[in-house]
2 protein chains.
Amino acid sequence: MAGPRTIVAAPRRTAAEEVYRSLRRDIVTLQHRPGAPLGEQALADTYGTSRVPVREACRRLQQEGLLTSIPYKGYFVSPISPKEISDSFELRSAIETRAVSLAVGRASDRELERLSSLASIEYTYSDWASYADFLDKNLGFHLEVASLSRNDRLFTVLHNLLVSMQRFFFLGLDLGDFGAEMRNEHELLVRHMIRRDDVAAAACAEQQITASYERIRRALAAAEGVELPISEG
Amino acid sequence: MAGPRTIVAAPRRTAAEEVYRSLRRDIVTLQHRPGAPLGEQALADTYGTSRVPVREACRRLQQEGLLTSIPYKGYFVSPISPKEISDSFELRSAIETRAVSLAVGRASDRELERLSSLASIEYTYSDWASYADFLDKNLGFHLEVASLSRNDRLFTVLHNLLVSMQRFFFLGLDLGDFGAEMRNEHELLVRHMIRRDDVAAAACAEQQITASYERIRRALAAAEGVELPISEG
DNA sequence: CATGGGAAGATTGTATACAATTCGTATACA
DNA sequence: TGTATACGAATTGTATACAATCTTCCCATG
């Protein structure tokens, strides 16, 4: 899913890696709420390891923006502020539209065909497990586009950004059933790319990212500071 | 220099932080050559600490792309390949042009005036210390632009990217005296920004980034695999 | 001479113990 | 009552010891 040519490095089975993946999953699926306190020792007890691997995982998540460290107080799940959401979408727009442009110029017909097969995804309204699966496949689609840009550095940065944005999307899915809408968006984008129209494809991506942002904004306005600890940005 | 409103976090004086900063400086100034092997224990001995802080620093540098880890062999300074340079400039172009656009719409006249004062920089040809100072100030200029975008996430990502690209620029400065040229570029960009012409400013930034890439490419072609270990990309 | 096995060395991964720093609180004092 | 201060609890930061894993090289064996 993540990478077609994942020659980079085989992810080894290490405790630090396990803690990292588990913690990240729990954070992006909102099972650890924004603002929730996490201590190294507590996490070590939870995962049955020592503080050293936990520490490594936490520093990684901190660098990716999902955790915030307050020295001698502990780690905290980074709060979700309107500004952070807006900043993230703005940056995503800058990077992903370029990725689409580059991909149009560099991907083979064969690869675009394969991309097309990843465009059709859906979920079941108000089904949590379905949400998780949907977001995973949606991430896969966008990462495939990024990978077709043939730019490893761009891929890595966009990968990190999209992962940290996953929890925003979790907030949005409950607002309504957008499965069909997003599937149509994906398919439209791929059609532009197959036609090798880089300008139209980039504009299409830009517009879809804005639409996604609007969905999140509406979901946030609907929830309006009751369910989740949203900090003022 | 880095940030005007650096409210984010006071950089604590910790051993891991010291090792990180020292190592990063030595890598971007090419005092540690691309491909050079670095072991945790050796670094610990060098810096007079234990492996734990060294490890933390190395993982950070690895995630930023300056170090490459080969399991059970050691860390190595990431090689500089033509593709890595090209990828980096491509990504930089995507992010920085957007940063310029945003800054034009959000910075105050006062801030743009201050930015103007950072534009005039120069260096002395074939003077190493002068190079380091020049690159530092040049970085400061571009980071100030990024900061004026008012997008923290964009700032952080571009910051990391530009830092890791510093060592490319080191290769380029010896090719000739580009001080005046780059100063003119900076001043032209600022003039576009002051005129609040975001399209012209973004196009100007794009063109300048391309020019910078060309300078590096020529420098690399001139050196042609004799002085430095350049891996084939 | 090619090849597989295995021991030795090196490196990373993990656990535990200890030091350093910070924050809250209680308390002494004005 | 208000304020300063000292103490203690909690947490991170660091050092060291040990275990696991990989590489390498040598040697036996076909």
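In what follows, every chain begins at residue 1, and chains take the letters A, B, ... in the order their sequences are listed.
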When rounded to whole Å, the CG to C1' distance for the pair B/Leu38 and C/dT12 reads 15 Å
For DNA chain D, the dot-bracket pattern of Watson-Crick and G-U pairs whose distances stay under 3.5 Å, | for other-strand partners = ||||||||||||||||||||||||||||||
Atom-to-atom span, CZ of B/Arg13 to C1' of D/dT12 - whole angstrom | 18 Å
Close N/O contacts between protein and nucleotides 4-7 of chain C (under 3.5 Å):
none

Report the distance from atom CG of A/Asp45 to atom C1' of D/dA10, rounded to the nearest whole Å.
-> 14 Å
Between B/Thr14 and D/dT12, does any side-chain N or O lie under 4.0 Å from OP1 or OP2?
-> no
Distance-only, no hydrogens or angles: does the A/Asp26 side chain make a donor-acceptor pair with backbone N or O of A/His32 under 3.5 Å?
-> no
What integer distance in Å separates A/Tyr75:OH from D/dT12:P?
-> 7 Å
Under 3.5 Å, is there a donor-acceptor pair between the B/Ser69 and B/Arg59 side chains?
-> no
How are the rings of B/Trp128 and B/Phe170 set relative to one another: parallel (under 30°), tilted (30 to 60°) or perpendicular (over 60°)?
-> tilted
Minimal non-hydrogen separation, B/Asn151 against A/Glu90, with atom names | ND2-OE1, 2.9 Å
Exam field: side chain A/Glu111 to backbone A/Ser108, donor-acceptor pair closer than 3.5 Å = yes
Looking only at side chains, do B/Ser93 and A/Arg98 share a donor and an acceptor under 3.5 Å apart?
-> yes
Between B/His142 and B/His159, is the gap from one ring center to the other below 6.0 Å?
-> no
So what does B/Gln41 touch, heavy atoms closer than 4.0 Å: a base, only the sugar-phosphate, or nothing?
-> nothing
Exam field: side chain A/Ser149 to backbone A/Ala146, donor-acceptor pair closer than 3.5 Å = yes
Using heavy atoms and a sub-4.0 Å distance, could you list which residues of residues 50-73 of chain A are near DNA chain D? By number, please.
-> A/Arg51, A/Arg55, A/Arg59, A/Tyr72, A/Lys73
Nucleotide D/dG13, atom C1' - distance to CD of A/Glu40 in whole Å = 9 Å
Min side-chain heavy-atom separation B/Thr68-B/Gln62 under 4.5 Å | no
Do the side chain of A/Thr49 and the main chain of A/Ala15 share a donor and acceptor less than 3.5 angstrom apart?
-> no
A/Leu161 and A/Leu91, any side-chain heavy atoms less than 4.5 Å apart | yes
